[in-house]
Every structure is written in C-alpha cells, then in structure tokens.
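As structure tokens, the structure follows; a few thoughts come after it.
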Amino acid sequence: MRWTCLNTKYISSSSVLKPTYVTNTNNHFKFQRFQHYGWYQSRAVGDLPNESLPDTLHAKSVKNGSLDNLDVRNYVTSLYVKSNKLDYAHKLFGESPDRDVRSWTILISGFARIGYCRMVLELFKQMRIERVCPNQFTLSSVLKSCSSLSDFRMGKGIHGWILSNGIDLDVVLDNSILDVYVKCGAFDYAEKFFETMKERDTVTWNVMMGAYMYIGDMEKALDLFRRLPFKDVTSWNTIIYGLMRNGHETYALELLSEMVEIGPPFDKVTFSVALVLASSLYVLELGRQIHGRVLRFGIQNDGFLRTSLIDMYSKCGKMEKASLIFKTLPLRTNSKFTCHETKTEVVSWSSMVSGYVRNGEYEYALLTFCSMVREQIMVDRFSLTSIVSACANVGILLLGQHIHAHIQKIGYKTDVHLGSSYIDMYAKCGSLNDAWVIFKQTVDLNVVLWTSMISALALHGQGKEAVRLFEFMIQEGNKPNEVSFVVVLNACSHAGLLEEGCKYFSLMKEVYGIKPGTEHFTCMVDLYGRAGRLDEIKEFIHKNGISQLSSVWKSFLSSCRLHKNFELGKWVSERLLQLEPFDEGSYVLLSNMCAANHRWEEAAGMRRLMQKRGINKVAGQSWIQQKNQVHSFVMGDRSHPHSREIYSYLDELIGRLKEIGYSLDVEMVMQDVEEEQGEVLLGYHSEKLAIAYGIMSTTSGIPIRIMKNLRVCTDCHNFIKYTSQLLDREIIVRDLHRFHHFKHGLCSCGDYW
DNA sequence: CTAGGGTTAG
C-alpha cells in the first residue's frame, strides 16, 4: 500500500507559529498576522480556555465595583466568550448599562466563531437599531454568518452599506465579501468583485479555488492551485476536498500523498478530509492509518474528528469500531450556548444512528435513537430522517407510527426530506394509504417527494398509477432526475408496459440529457425480459456496451427462467458466473432452472460447485408482528412454542384449499423456488407458517401483514391467493422486492413479479 | 483587545 508512505516526519515538527505574511497597514490597525496551524492554536498559544477565570473575575469585579467600568465589563465578556460560555457573556452584555462597538463586536464575533449565525444577524440588527456603527471586525463576523446561511440579500446589503459609507476595505473584509458571493452561488457577482479587488492574498485564492471546485471546474481550480506561489494548509485541504467531491478520489489521494511529501503539516481539517477520502474509496486501511496519526497527535477528542472517524468506520462497515469511538464522547454540558460542543455531539449521535441504518443494523439504530431521546440530546433532522428510514426497513408499521407521532410531538415540521422519508416508510411498512395522505398533505412538493410517491405505487404493484403520477409530475413542471427514471422504469416493468418503458428510456436520454446508469439498464433488460423479448435483450446489451454489468445478466437469467428458455439461460449463466463467481444468487437461479427442466444432474452439480467455492445461500425467513412481538419462521421451523398447533392448522387449511382448486404442484414448486430448497418440505415454506400463525392469532377482518427476506415462490403465491379467497381475508406480503396485496383470490402484482 | 478561506450527518 502506498499509504504506508504517510510517514511521521511532521509529527515532531516544532514550527508551531510561522509568520506568513504581513497585512497592509491601514489607519486603525497595524500588526502582524500569524498563520497558525489548527489545533496548535490552543495547545501552544496559551489561549486555552480557562473555565473558572471569568467567573472569579466576574465575582471580584462585582465586589469591588469595577464592573461599572465599560472596559472591565468588555474584558470579562471576552473571557466568557473565550471559555465558550456564550450564555454568560450574552447575559452580562444584556445587563450592561452602556455598550460600545467593542462590546457588540466581542459578542458578535464569539457567536460567529461557534457558528450561531442567526444570533449574529439578530445582534447585528439590534446594533443597527441602537445606531452603533460597526467596525471592520463586526462586519467580517457578520459577513461570515451571511455566507454560512447563504443569505445573499443580507450580504449584498452589507456590501452596499460599506460602499456607501466609505468604509475602508482591507483584504480581510474583501475576502469576506467575496466569500459571501461564492457561498450564495452568485458567481457572476463574485467574479466581478474579484476583478475590483486591490489586494489578493492566499485566502483570496483559496476562496476562488473553492468556488471553481464548487461549480465543478476542476481544470481552473487545479491550474490556480499549481500556480499559487504560497500554498498554505487550507489550499491543500481545499483542492483535495474539491477533487474528492467532484468524483476524482484517486487524484485526491495522489495529492494527499504529495502533501505529505512536500506540503505543510496536516491540520484537523486535513485529517477530516483524509478520513472522508478513505471512506469514499472504501479503503479501511487508509482510514486506520489516519486514525493512528490522529491518536499520535492526541487530537482524538476533537468533536469534528470524532464524527469524521465514526463516519469513516461506519461507511467501511465497522460499526463496532465506530461505537468504540462514540463511547469516548464526554458527558454533556448543560449550558445553553455551548453550541460548538453541542453541535458535534448531536452530529456524533446522528452519525451513529445513520451508520447503523446504513449497515442494516436497524435494531441498534432504534436503540441509539431511543437513548438519544432519553438523554435529551437535541434530535436533529439528520437523525430523524435516518430513524424514519430505519423504520421503513424494519417494516413494522406500528413502530413507524410511533416514531411519526414522536416527531410530531417534539414539534418538528415535515419538510421535504422528512416527508419523503415518511412516504417511503409507510410504503415499505405496507400502508400505501398513509403514504398517500402524507403526499397530499405536503405543500412544498419537490422531485424527491414525487419520486418517493411514484416508487411507493410501483412497490405496491400499481404500475399504471405510478406512470400516471409520473406524467402528472412532469405536467406540473417538475424535472425528473435519474432516480425518478429508475422508479418509473421499474413501474413499467412491473406492469408489463414495454412500450412506455422504451419511451421513457429515450425521453431520459434525449430530452433530459441523463446518462443511463446500471439501474436504468437493468430495468430495461427486466422490461424486455418480462415481455418475453429475450432476443432483443442480447441486442440491447450489445448496443449499449453493458456486458460488464452483472446485474444486467442476472435479470436476463431470471427472464430466461420465467420463459423457460433453458438453452439461452445456460449461455447467460456462463457469462454471469464469469463476472460474479462468488454470488450465491447466480448459482441458485441456475440450479433451479436446471431442476425446472429436469436436468437434475446439472442442478446437483451447481449446488456442489457452490459448496466447493464455499458459498452459502441465505435461508428463507418470514416474520409477522403480533402486539409487541415479532414471530419469525424459517422453512420447516418447529421452534415456535405453538408449532404443533400451527402445523396442524396449516395441514387442515391446505386440505380445505385443495377443495376449492389449490393444488400443491411439485414441478411448479421446483421451478420457482429461488432460494429455498424445493426438494424438501414442500408445504412448509416460512411464509405459509407465518400466515397460518397470523390467521390463528388474529380476529377476522384485520389484514394479515407478513414479511419475507426473499422472493415468494409460485406455490406459496398460489397458496396465499386461495387462502385470501377461502377466508375472505386481506393478506399483505412484503417480499424482497415488492408488496403483494392478496384479496378475494387475486394479487395486486397480477401474478407478475 | 475582538476579524476572513477549507471539514462531519439523510
């Protein structure tokens, strides 16, 4: 690994402070500027916040009456600000009989530094009302908040005010203004302003570099970077981060190692960026090395780095490591304005929640969320959307409803993110109606929200409805994105709408200029396959040059099996096994296809090959929720406490179903079992057990909802259809890919899944 | 006795 070249030569560097440039001298201020390196600041400068100092001084000056003096009061306020006690500072400020520009500025810059932007703008407004004239420091801080909030109007207003009041623009103020325009996406303004700047320093170039990166103009940014006479640590951070965000991870990695060789020492942000880089490249080893360096620097307790580390480990699938780091989170402070810590604390929590969700550990996600509520951590929008998504994946409607109610209770407004999560959640928990309700309630519809609803319909077998909604969305002036097209193509394929699907595929390419990705191609192959146009698939694959995509071949193979084209299937599977020699699905598909064509020897050969290569297949599992318990079954399961009753009821039920036409077709079972072994225990697939238990333990009239981790086989599908007819019960089954709503002997999927 | 640029989460 070339990452072993991350050597340690900078670790012992003692060049803590380096004077890098001297500012222009203007009328009021004349002093040297120091460029300092991140964390060294607090360790070396002796600026460590002293917790008790402001309090003692405050008490002392109250006693001897010196607090009446404005200068003393300002000094105490600044000490409070420094030790992160913004609420005390704010209180002292509010109680003051008189204030000057410095008092305002101390407070404003304090809030700006910890990112409490709204407070900054609020204070600035008050300051103007009291007719106090802001100085350059105030303006810089306020502009910083404007750029964080992307408040273009405010920023432009302040710029105008500066011009009309003849305030001297020094390079710092210039940079702040430039940054506001860049952050607000007003590049024309930014460029125009840049032209007029009298002086430009490293910060200026860094801002411009960031701007080029932001609009994706890599060439310009890199050119600028290469020509930069002095590159400080931020220049490197900016370029590396920008490259990574624009999808050039490898290049970013190269630059990072170049930085190690010839660049300045890493600072906190470099470490953060490097960690994100490691996780986006899925290189755990790199992440570990960075972690090691972080530990050697002793900066592992920094909030930002902690969240970056948690995130890196969770993206690399190492939740145990992530949770170890999470546990180092110190106990929380209860001050109202210690936002800096509070913020990273909240991010750490929500990183954990979303990490668990991402890694499929929904139970832990839910537990973490519950402790978050119990510990009274501010639940932010990220953890909320994550947790709703966890509910969606667990698929337990009751849980989803609880969370929904809780979010409403804490008064969080349903925005587009949360709205689409709700739609997704209700859809995946089997309640299409609730998804509709949320969709209709939301006022600010955006593409994601529309797409969620279209996907919900497709998921529940309402392909035609989904297509109609898609058309309606376009009519309403929404521009579909690549996900919308995946969803609508998917809907077409489920509903067997070949013509429409082809139409949308070309619409996507020609009208919306979206380059089809793997998922679009797979949907198209699926669409042709279900319609039985197997020859056209070959042509499609060839024409689009997508023969390297295994998911395409997999879909092709399913279609061969569906249309019982054994020879073609054999040919397809050879290609598939070349691409994915260790994918269980391919083997199972192939072996089942052999079996369906009575090629028992070949089927057995496939299973043997699987065993030889050490590939295990996933066991079929179905579950049903009853009150507060989840009852889970596997094929032929006898571990349930009521298993005797369940089996005898199931046998009786099958007998009654046979009277109305159900037949347990051995060959059919053989054909369609994708993952569960058809050879044995024909009648006792896990979903049958779960349904039997469901019928026994609920009163009639209530729909039975069960979930399965794999696809339903044809026999079970038939079984459920007959059951719904015989007992006049609605049965809703969520399988690996979609929902089946069984009612009066029919299924919403139209026997096409 | 105070200021500007780059980092995290769906």
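Excluded from the calculations below are hydrogen atoms, water molecules and symmetry mates; all remaining heavy atoms, backbone and side chain alike, are included. Note on naming: letters A, B, ... go to the chains in the order of the sequence lines (proteins, then strands), and numbering restarts at 1 for each one.
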Return the nearest nucleotide to the side chain of [X]; candidates are [options].
| X | options | result |
| --- | --- | --- |
| A:Thr105 | B:dT8, B:dT2, B:dA9 | B:dT2 |
| A:Thr385 | B:dA3, B:dA9, B:dG10 | B:dG10 |
| A:Ser354 | B:dA3, B:dT8, B:dA9 | B:dA9 |
| A:Phe382 | B:dA3, B:dG10, B:dT8 | B:dG10 |

Q) Does A:His248 have any side-chain contact (heavy atoms from CB on, under 4.5 Å) partners at least two apart in sequence or in another chain, and if so, which? A)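 Counting only residues at least two positions away or on another chain, A:His248 forms a side-chain contact (heavy atoms from CB on, under 4.5 Å) with A:Met218, A:Leu243, A:Asn246, A:Tyr251.
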
Q | Approximate separation, where rounding is to 0.5 Å, of A:Leu449 CG and A:Ser420 OG | A |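 The CG atom of A:Leu449 sits 5.0 Å away from the OG atom of A:Ser420.
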
Q. Taking atom CZ of A:Arg113 and atom OG of A:Ser141, what is their separation to the nearest 0.5 Å?
A.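 OG of A:Ser141 is found 10.0 Å from CZ of A:Arg113.
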
Just how far, in rounded Å, is [atom2] of [N] from [atom1] of [X]?
| X | N | atom1 | atom2 | answer |
| --- | --- | --- | --- | --- |
| A:Gln136 | B:dT2 | CD | P | 16 Å |
| A:Ile158 | B:dA3 | CD1 | C1' | 14 Å |
| A:His417 | B:dG10 | NE2 | P | 12 Å |
| A:Arg245 | B:dA9 | CZ | P | 7 Å |

Q. Has A:Arg358 got a side-chain N or O lying under 4.0 Å from the OP1 or OP2 atom of B:dG10?
A.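 For B:dG10, OP1 or OP2 has a side-chain N or O of A:Arg358 closer than 4.0 Å.
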
Q. Taking OP1 and OP2 of B:dA9, is either one under 4.0 Å from a side-chain nitrogen or oxygen of A:Lys315?
A.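 For B:dA9, OP1 or OP2 has a side-chain N or O of A:Lys315 closer than 4.0 Å.
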
Q: Determine, using ring centers only, whether A:His291 and A:Tyr313 are less than 6.0 Å apart.
A: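 Yes, the ring of A:Tyr313 comes within the 6.0 Å limit of the ring of A:His291, centre to centre.
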
Does [X] reach a base, just sugar-phosphate, or nothing at all? Heavy atoms under 4.0 Å.
| X | result |
| --- | --- |
| A:Asn74 | nothing |
| A:Ser272 | base |
| A:Arg306 | nothing |
| A:Ser386 | sugar-phosphate |
| A:Val276 | sugar-phosphate |

Q) Is the ring centre of A:Phe304 under 5.5 Å from the base ring centre of B:dT7, and are the two planes under 30° apart, so that they stack? A)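 A stacking contact exists, since A:Phe304 sits close and nearly parallel to the base ring of B:dT7.
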
Q: Using only heavy-atom distances, decide whether a donor-acceptor pair under 3.5 angstrom links the side-chain of A:Ser109 to the base of B:dT2.
A: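 Check fails, no donor-acceptor contact within cut-off.
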
Q: Mind checking salt bridge (charged side-chain N to carboxylate O under 4.0 Å, His left out) for A:Glu195 and listing every partner two or more places apart, or none if nothing turns up?
A: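 So A:Glu195 forms no salt bridge (charged side-chain N to carboxylate O under 4.0 Å, His left out) with any residue.
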
